[in-house]
Amino acid sequence: MDCNETTLSGDAVDAGKSVVASVCGVCPAGCGVNVHLNDGRIERLTPLRDHPLGYVCPRGMKAAEIVYSEDRLLYPQRRVGERGEGKFEQISWNEAFEMLVENLKTISDKHGYEAVSLYTGRGNFEFALCENFFTAGTSESSGNAMLAPLGSPNVSGAGSFCWASMGLLAPTACFGTHIRELKEDVDNADLILVWGANPSTDSPPSKLRQIKNAKKRGARIIVIDHRYTDTARSTKSEWVGIRPGTDGALALGIIHVMINEDLIDYPFVEQWTHGFEDLRNYVRDFDPKTVESITGISVDTIHDLALSIGSAKGMSIVTYTGLEYSNCGVQSIRAVWIMQALAGHLDVPGGKLFRMPDRPHTGRYPVEMNKNTPFPIGAKEYPLYYETRAEAHGGLIPKAILEGDPYPLRSMIVSGASLITSWPNTELWRRALAALDFLVVINRFPTEDAKYADLILPATTMFESESYQVLDGHVQLRKKVIEPLGESRSDYHIFSELADRLGIGHMWPDTERGMVERALEPTGISVADLDANPEGIQMPMPEMEHRKYETGALRSDGKPGFETPTGKLEITSEWFREHGYDALPVYTEPKEGPQADPELAQKFPLVFNSGSRTQSAFRSQHLNIPSLLAMGPKPLVHIHIEDAKERNICDGEAVWVSSPRGRVRFWARVTEDIVKGAVEVNMGGGGPIGPIEWQQANVNDLTDDQNVDPLSGFPVYKALLCDVIACSNALDV
């Protein structure tokens, strides 16, 4: 710190140079940072020492550039041109709220409040916003249920295509709980599988630090992925390349070997599991040779994985979206976790732990649905999602808009999201948004959705609002580091005022400070305490106990076992069976894949993947920030060197990526760091700002809205078919 800088913990920020300890406001991860200011403007961030997440990632390093970008939305605007033209005029906040309330009243009077959906994306994942507006009936959601008391069941958001498979469906089926009650004990594991995840590009990369520390103490790290990822490279880990979409087959093959080699924890299986004999019979068909033909992983490697897992003292699995986006995403996650449990790595040191149930919490304020509310969109089609998420499934929103099924949806509020760049079949979403009677977009930057909006409301970054952050018992005040730019308002301010104007304002504190004070009530910590300790306060946490299924700590009735229908870890899920789904963690070959559809694979011989994160962008955000854009100036398709050679494609060359849905221009990254026969295509393009190369590169022009995991409704983003053609070889460029 410069000797002329002053560290501040109060609200006031002195002129000149100063430093404010707070929470990073670039994304909602909750990293503890020192914000360095000069004359009240953000200059840079540095990590807070001894903070649970003391990081400044590449995006955080460019915080000032993001906050002060000339592309920021700073004033309320209403449409003056045709839908899709992007013509707007500035109006006041009062005019904006009057317009919003009037239209909601008109539509709800005619169609009922079920005709209105509030859809939220990653831009609304700020901790307190989620804790104050999530729907009753789930343990965790980024959905905003502010309109639920008025009769709108159609709370929806990014959870319709991300996280819920791993966070809700799979753990409920196996353990009877949600992922917020589980964690991997990476710090004590002697074997770590990084399976379908790349912690080096996470926000924040906390797992990468843990993995590196584990490597230093001698743990074995194995990365199972179709790419040799930054994580594998930076940790010098072993890489097991796999054909995308076949992870479930690999897990079942490993279980097959574990059974044959007597590597199963049979005392645990006999007392605490349900359905093992059914699984034993099912995996007989997944012998190593068969699994090799499915996954591309050698027989010897499959044997080695099984022996290593079965003999490890503690084995943790770091996984995420890489397993969610196939035709059997939920079941694949279940297969991997069941494999871990059968080897004896459940709720033991180094394995998958159940968090202590009596740990302290800040206040949580779920929003109850109006009792006369109809079922949300998608409840019938995806009942497992509805039962665990208690909200609408976003993938079926266009059908409700365009076909009135199950009833008409006539208005949307889209907050912190970008529908057109997120979901498959972008033209369908364009038609749907254009067909609405009233569309509101709340964001910090223009989105492609906003072109169709009737009303645009400018949101602050999280540096411009006051809130709080909790990280496993560590409570910190998210300080308002700078005043809101222009006339932008915090998301909380926008929603609390809208609630007040709709007659339900009493349900939420009317100020950000009031919201923080209410949340702290159960903790005994005051805002003054947090002001005096700007780096945060650690609440006392109970000491970890293991094998809690033996003591009754995992069940609401206090009996030993799990909170499942049978009281056991369910290898065969009775919940799934009740709804007509396969009870076992069955493997389904990718519907659009080389083995399921060899005829189509003749025309589109490469396996398509998308969704991997980059260091320069945050989903579809920041593609307009020059210094971040310099890290990835053009959208890339990663292709194996041999596949590129067969197509006469050179590194850096413009290419067409084509699928049965269309073609999009990308630039080739020719590499050996991807399995032969697969490609990885950058996501996030297709927005209205940034370079034209990114604006024209919407990867979801290539994906399929009809190809989904039937349990979750998640689109298959990672196991489709495509080809890559040099632009010079195409009929036109």
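For the single chain, residues carry numbers from 1 onward in sequence order.
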Contacts of [X] that satisfy side-chain hydrogen bond (donor to acceptor under 3.5 Å, both in side chains) - sequence neighbours left out:
{"X": "D278", "result": "none"}
{"X": "D557", "result": "R555"}
{"X": "N188", "result": "D185"}
{"X": "D230", "result": "R233"}

- Within residues 253-266 or reaching into it, pairs that qualify as side chain to side chain donor-acceptor pair (under 3.5 Å) - sequence neighbours excluded: H256-N260
Pairs flagged by salt bridge (charged side-chain N to carboxylate O under 4.0 Å, His left out) wherever [range] is involved - sequence neighbours left out:
{"range": "residues 308-327", "value": "none"}
{"range": "residues 237-246", "value": "R220-E238, R243-E589"}
{"range": "residues 329-347", "value": "D347-K548"}

Could you tell me the separation between the [atom1] atom of [X] and the [atom2] atom of [Y], rounded to the nearest 0.5 Å?
{"X": "E574", "Y": "T572", "atom1": "CD", "atom2": "OG1", "answer": "5.0 Å"}
{"X": "T201", "Y": "L208", "atom1": "OG1", "atom2": "CG", "answer": "9.5 Å"}
{"X": "D472", "Y": "K183", "atom1": "CG", "atom2": "NZ", "answer": "5.5 Å"}
{"X": "L346", "Y": "R547", "atom1": "CG", "atom2": "CZ", "answer": "9.5 Å"}
{"X": "K568", "Y": "C174", "atom1": "NZ", "atom2": "SG", "answer": "15.5 Å"}
{"X": "R122", "Y": "S142", "atom1": "CZ", "atom2": "OG", "answer": "8.5 Å"}

Kindly say whether [Y] contributes a backbone atom to a donor-acceptor pair with the side chain of [X] at under 3.5 angstrom?
{"X": "N198", "Y": "T231", "result": "yes"}
{"X": "T319", "Y": "G196", "result": "no"}
{"X": "Q595", "Y": "S293", "result": "yes"}
{"X": "S160", "Y": "G394", "result": "yes"}
{"X": "H345", "Y": "I309", "result": "yes"}
{"X": "Y385", "Y": "E391", "result": "no"}
{"X": "T273", "Y": "F276", "result": "no"}
{"X": "E126", "Y": "A128", "result": "yes"}
{"X": "R389", "Y": "A164", "result": "no"}
{"X": "S316", "Y": "G350", "result": "yes"}

- Message: Tell me if the CZ atom of R217 is crowded by more than 12 foreign heavy atoms within 6.0 Å.
- Response: yes
- Query: Crowded around D358 CG? As in, over 12 foreign heavy atoms under 6.0 Å?
  - Reply: yes
Salt-bridge criterion met for [X] and [Y] (N-O under 4.0 Å):
{"X": "R359", "Y": "E181", "result": "yes"}
{"X": "K591", "Y": "D597", "result": "no"}
{"X": "R577", "Y": "D582", "result": "no"}

- May I have all residue pairs that pass ring-ring contact (aromatic ring centres under 6.0 Å, His included) and include part of residues 282-317, sequence neighbours excluded? Y282-F286
- Here the ring-ring contact (aromatic ring centres under 6.0 Å, His included) pairs for residues 177-213, sequence neighbours left out, are none
- Item | Candidate pair I192 and M315, rule side-chain contact (heavy atoms from CB on, under 4.5 Å), full reasoning | CA-CA 6 Å; I192 300 168; M315 190 269 286; over 6 Å; no
Can you see whether [X] engages [Y] through a side-chain donor-acceptor pair at a distance of less than 3.5 angstrom?
{"X": "T566", "Y": "E570", "result": "yes"}
{"X": "S298", "Y": "D300", "result": "no"}
{"X": "D187", "Y": "N213", "result": "no"}

- Please test L584 against F576 for side-chain contact (heavy atoms from CB on, under 4.5 Å), starting from the C-alpha separation and ending with a verdict. CA-CA 9 Å; L584 282 167; F576 282 11; over 6 Å; no
- Task: Check L305, L193, V283 against M339 for a side chain to side chain contact (heavy atoms under 4.5 Å, CB included) and give me the one that passes.
- Result: L193
- Message: With ring-ring contact (aromatic ring centres under 6.0 Å, His included) as the criterion, how do Y717 and F608 come out once you've worked through the C-alpha distance, each side chain's angles and the decisive distance to 0.1 Å?
- Response: CA-CA 8 Å; Y717 290 119; F608 170 98; 8.8 Å; no
- Task: Not counting sequence neighbours, which residues clear salt bridge (Lys or Arg N to Asp or Glu O under 4.0 Å) with E550? List them please.
- Result: none
- Sequence-distant partners of E642, salt bridge (Lys or Arg N to Asp or Glu O under 4.0 Å), two or more places apart: none
With under 30° as parallel and over 60° as perpendicular, where do the rings of [X] and [Y] fit, or are they tilted in between?
{"X": "Y581", "Y": "H579", "answer": "tilted"}
{"X": "F375", "Y": "Y386", "answer": "perpendicular"}
{"X": "W239", "Y": "Y228", "answer": "tilted"}

- Going through the checks in order, is the side-chain contact (heavy atoms from CB on, under 4.5 Å) test met by V291 and I297? CA-CA 7 Å; V291 174; I297 299 171; over 6 Å; no
- Message: Determine whether K676 and D643 satisfy the following criterion, salt bridge (charged side-chain N to carboxylate O under 4.0 Å, His left out), listing intermediate values before the conclusion.
- Response: CA-CA 7 Å; K676 187 178 185 305; D643 293 322; 3.3 Å; yes
- Item | Verdict with supporting geometry, Y549 and F562, ring-ring contact (aromatic ring centres under 6.0 Å, His included) | CA-CA 6 Å; Y549 49 82; F562 300 82; 5.4 Å; yes
